[in-house]
2 protein chains.
Amino acid sequence: MEGKGVQVLDRALDIIELLSVERDGLGVTEIGLKLDLHKSTVHRLLSALAGRGYIERDDNRGAYRLGLKFVEIGSLRLNQLELKTEASSYLRRLANTVGQPVHLAILRGLDAVYIEKIDPVASIRMYSQIGKRIPVYCSALGKCLLSGLGKDELESALAGIEFTRFTAKTKTTVGEVRADIEGAKRRGWGLDDEEHEAGIRCIASPVRDYTGRIIAAVSVSGDRRVIAADRDEETAGVVMETAAEISKRMGYVPGMEE
Amino acid sequence: MEGKGVQVLDRALDIIELLSVERDGLGVTEIGLKLDLHKSTVHRLLSALAGRGYIERDDNRGAYRLGLKFVEIGSLRLNQLELKTEASSYLRRLANTVGQPVHLAILRGLDAVYIEKIDPVASIRMYSQIGKRIPVYCSALGKCLLSGLGKDELESALAGIEFTRFTAKTKTTVGEVRADIEGAKRRGWGLDDEEHEAGIRCIASPVRDYTGRIIAAVSVSGDRRVIAADRDEETAGVVMETAAEISKRMGYVPGMEE
DNA sequence: AAACACCGTTCCATATTATGGAACGTACGG
DNA sequence: CCGTACGTTCCATAATATGGAACGGTGTTT
């Protein structure tokens with residue numbers, strides 16, 4: 001076959017990704033219709049995946065849905081990240097101090113990927129999700145992560161951005177984003193001023209490792225009345241403190257960055 | 001080919017599961033050796049998986065490891081569980097009240113699968129993991145989950161248990177486990193008295209839904225000096241209270257079971 | 001109660017794909 | 001500088017996955 005894929009694998013992954021957004025599961029025929037696959041093909045792939053726990057049947061309706069094996073594999077992958085393991089208790093402490101959701105993210109391509117999310121006790125806001133991505137140009141986390149790139153790498157990354165205007169305040173030019181990144185680098189913290197989600201502001205600070213490189217970023221986010229602009233320096237202070245503690249834990253010695 | 005599987009899919013899943021326990025990733029040749037696959041086959045499958053984010057290359061060494069796509073899919077699956085979404089804030093409250101790790105689990109076959117895990121701020125104990133399984137016969141969660149089965153279904157389940165002695169206190173006969181389950185049913189809470197992990201005790205209580213059926217269990221666990229035997233009734237009280245609140249949230253009306 | 005429609009499941013001839021052997025380029029160690 | 005091992009690519013062909021047909025079961029309609 002053409003291209004880089006393997007047909008059976010691509011079909012199976014298509015099924016998996018389809019079911020990952022279908023809360024109530026789907027039947028064989030419906031999966032086949034949505035993915036333009038013969039139902040006997042679908043059935044065979046589902047059976048194979050089910051045999052290993054990646055797919056399960058709904059108890060009542062018989063619909064197929066993702067199995068909990070994905071949860072297990074996802075957790076195993078997350079726990080391979082030493083950074084996350086080391087950072088968790090600092091993040092919990094920050095969440096309780098600030099009383100707002102706290103995230104840890106790493107850079108993947110042109111996105112920040114959430115690898116930890118701590119909600120304070122009273123919080124029930126569920127927008128972000130571990131494993132999800134947010135574009136670098138309109139997130140505090142993303143700007144911090146980009147601030148760790150070398151000049152050439154940064155320009156290359158900026159050149160690759162395809163802008164989507166999420167809110168009235170979304171930055172949509174390379175120049176604006178570059179300026180924000182430089183500001184993040186200078187201050188030691190980055191800002192999302194309702195650029196990704198209207199009404200939501202976010203402050204992040206970078207985490208470094210023993211080589212001095214930026215490997216992650218920590219953020220606090222919340223309603224613009226809670227993460228109020230007039231208290232940004234104060235909020236940024238506690239975020240930077242937490243990021244510094246995690247950095248230290250990862251072997252970073254202040255002053256060693258390039 | 002023979003059996004229920006699909007060869008390409010089984011090979012890809014073998015690679016995925018191998019990498020899920022290899023923190024530093026592996027090379028093509030090494031994967032091939034471990035799975036008895038030709039390196040050109042391995043390379044093709046890795047490339048196909050990498051193209052969709054399920055595999056990534058280590059920045060430095062070039063080793064292959066799982067991609068963060070698994071984290072995303074795992075989180076999407078978890079978030080499809082309405083129970084988990086609804087329960088999270090109650091569990092956080094319980095963790096802070098008791099100051100010990102709290103879990104939520106559901107029944108899958110003869111295991112309790114952790115679908116939520118809350119560590120209090122100061123805790124760094126990392127034994128359990130979301131997505132992991134613990135056998136029903138030697139866990140408080142498992143005994144609570146089994147207590148919701150009908151008589152025939154329970155006997156069938158008990159007949160299927162293959163006992164492993166984890167500690168000196170592990171129950172290893174069907175009679176002992178049946179007695180524990182009946183005790184859990186009578187009291188409204190179940191106990192793991194160092195049966196799975198030496199020195200660790202655990203108290204759990206079942207969660208019901210609007211049909212009155214047991215759909216999950218909540219637990220608190222910790223060192224036997226902290227979850228001390230002489231205070232079990234007290235600890236159980238707060239666990240049952242949390243389980244009752246979650247049950248209520250899931251539409252359960254007290255008195256409607258059976 | 002019978003007929004109909006649709007779904008999930010199974011089987012198998014064959015079309016199509018995945019395989020693995022050979023070869024190549026690169027990087028690392030001696 | 002040379003040898004070794006790894007990752008990568010290509011392609012003839014062996015082996016597998018496909019999908020068409022058929023079946024049983026369930027729910028709905030007449």
Side-chain angles (χ1 to χ4, degrees), chain A residues 1-67 69 109 211, chain B residues 1-67 69 109 211:
Chain A
M1 48 154 293
E2 45 77 42
K4 218 170 172 36
V6 174
Q7 183 177 262
V8 169
L9 201 43
D10 280 330
R11 287 177 164 183
L13 296 176
D14 287 343
I15 292 173
I16 287 162
E17 290 173 9
L18 175 62
L19 292 177
S20 74
V21 295
E22 289 287 347
R23 181 189 202 90
D24 297 324
L26 290 173
V28 171
T29 302
E30 197 163 1
I31 293 170
L33 289 171
K34 285 180 184 289
L35 298 178
D36 194 30
L37 293 174
H38 198 282
K39 62 183 182 176
S40 67
T41 299
V42 174
H43 189 265
R44 191 176 48 254
L45 295 174
L46 287 174
S47 293
L49 288 163
R52 297 181 68 144
Y54 291 88
I55 289 285
E56 63 188 28
R57 302 260 329 242
D58 184 84
D59 292 325
N60 302 320
R61 294 168 54 239
Y64 289 86
R65 66 188 177 201
L66 290 190
K69 188 72 173 181
T211 67
Chain B
M1 48 157 292
E2 45 78 41
K4 219 172 176 24
V6 174
Q7 182 178 263
V8 169
L9 202 44
D10 280 330
R11 285 176 165 185
L13 296 176
D14 287 342
I15 292 173
I16 288 162
E17 289 173 10
L18 176 63
L19 292 176
S20 74
V21 295
E22 289 285 348
R23 182 189 200 89
D24 297 322
L26 291 172
V28 173
T29 303
E30 197 163 1
I31 293 171
L33 288 171
K34 285 178 184 289
L35 298 178
D36 193 30
L37 292 174
H38 197 283
K39 62 184 180 176
S40 66
T41 299
V42 174
H43 188 266
R44 190 176 50 256
L45 296 174
L46 287 173
S47 294
L49 290 163
R52 299 181 66 144
Y54 291 87
I55 289 287
E56 63 189 29
R57 301 281 302 262
D58 182 84
D59 293 324
N60 301 321
R61 295 171 48 242
Y64 289 86
R65 64 190 180 201
L66 291 189
K69 188 73 172 181
T211 68

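We name chains A, B, ... by the order of the sequence lines, and we start the count at 1 in each one.
- One interatomic measurement links the two molecules: NE2 of B/H38 to C1' of D/dG7, which rounds to 12 Å at whole-angstrom precision.
- Distance from the side chain of A/R44 is smallest for D/dA17 among the nucleotides D/dA17, C/dT9, D/dG7.
- Between A/K69 and A/L49 there is no side-chain heavy-atom pair separated by less than 4.5 Å.
- Taking only side-chain nitrogens and oxygens, A/Y64 comes nearer than 4.0 Å to OP1 or OP2 of C/dT9.
- Across the protein-nucleic acid pair, A/D10 atom CG and C/dT16 atom P stand 18 Å apart, rounded to whole Å.
- Side-chain proximity of B/H43 to D/dG7, C/dG20, D/dT18: nearest is D/dG7.
- When the P atom of D/dT9 is taken as reference, atom CG of B/L45 falls 14 Å away, rounded to whole Å.
- Among the heavy atoms of the strands lying under 4.0 Å from A/S40 is at least one base atom, whether or not backbone atoms are also near.
- In this model, the phosphate group of C/dT19 is approached by a side-chain N or O of B/R11 to a distance below 4.0 Å at OP1 or OP2.
- Contact of the A/L19 side chain with the A/I31 side chain is registered, since non-hydrogen atoms from C-beta on lie closer than 4.5 Å.
- Looking only at side-chain heavy atoms (C-beta outward), A/Y64 and A/H43 come within less than 4.5 Å of each other.
- For the pair A/Q7 CD and C/dA15 C1', the computed distance is 11 Å after rounding to whole Å.
- Positionally, the nearest nucleotide of DNA chain D for B/T29 lies more toward the 5' end than for the other of B/T29 and B/L9.
- As a whole-Å value, the separation of A/I31 CD1 from C/dC7 P is 13 Å.
- As rounded to whole Å, 12 Å separates atom C1' of D/dG24 from atom NZ of A/K39.
- Put simply, the side chain of B/E22 reaches to within 4.5 Å of the side chain of B/K34, judged on heavy atoms.
- Summarising the geometry, the separation between CG on B/L35 and P on C/dG20 is reported as 13 Å, rounded to the nearest angstrom.
- Proximity of B/V6 to A/R44: side-chain heavy atoms (C-beta onward) are separated by under 4.5 Å at one or more points.
- We find that CG of A/D14 is positioned 17 Å from P of D/dA17, with the value rounded to whole Å.
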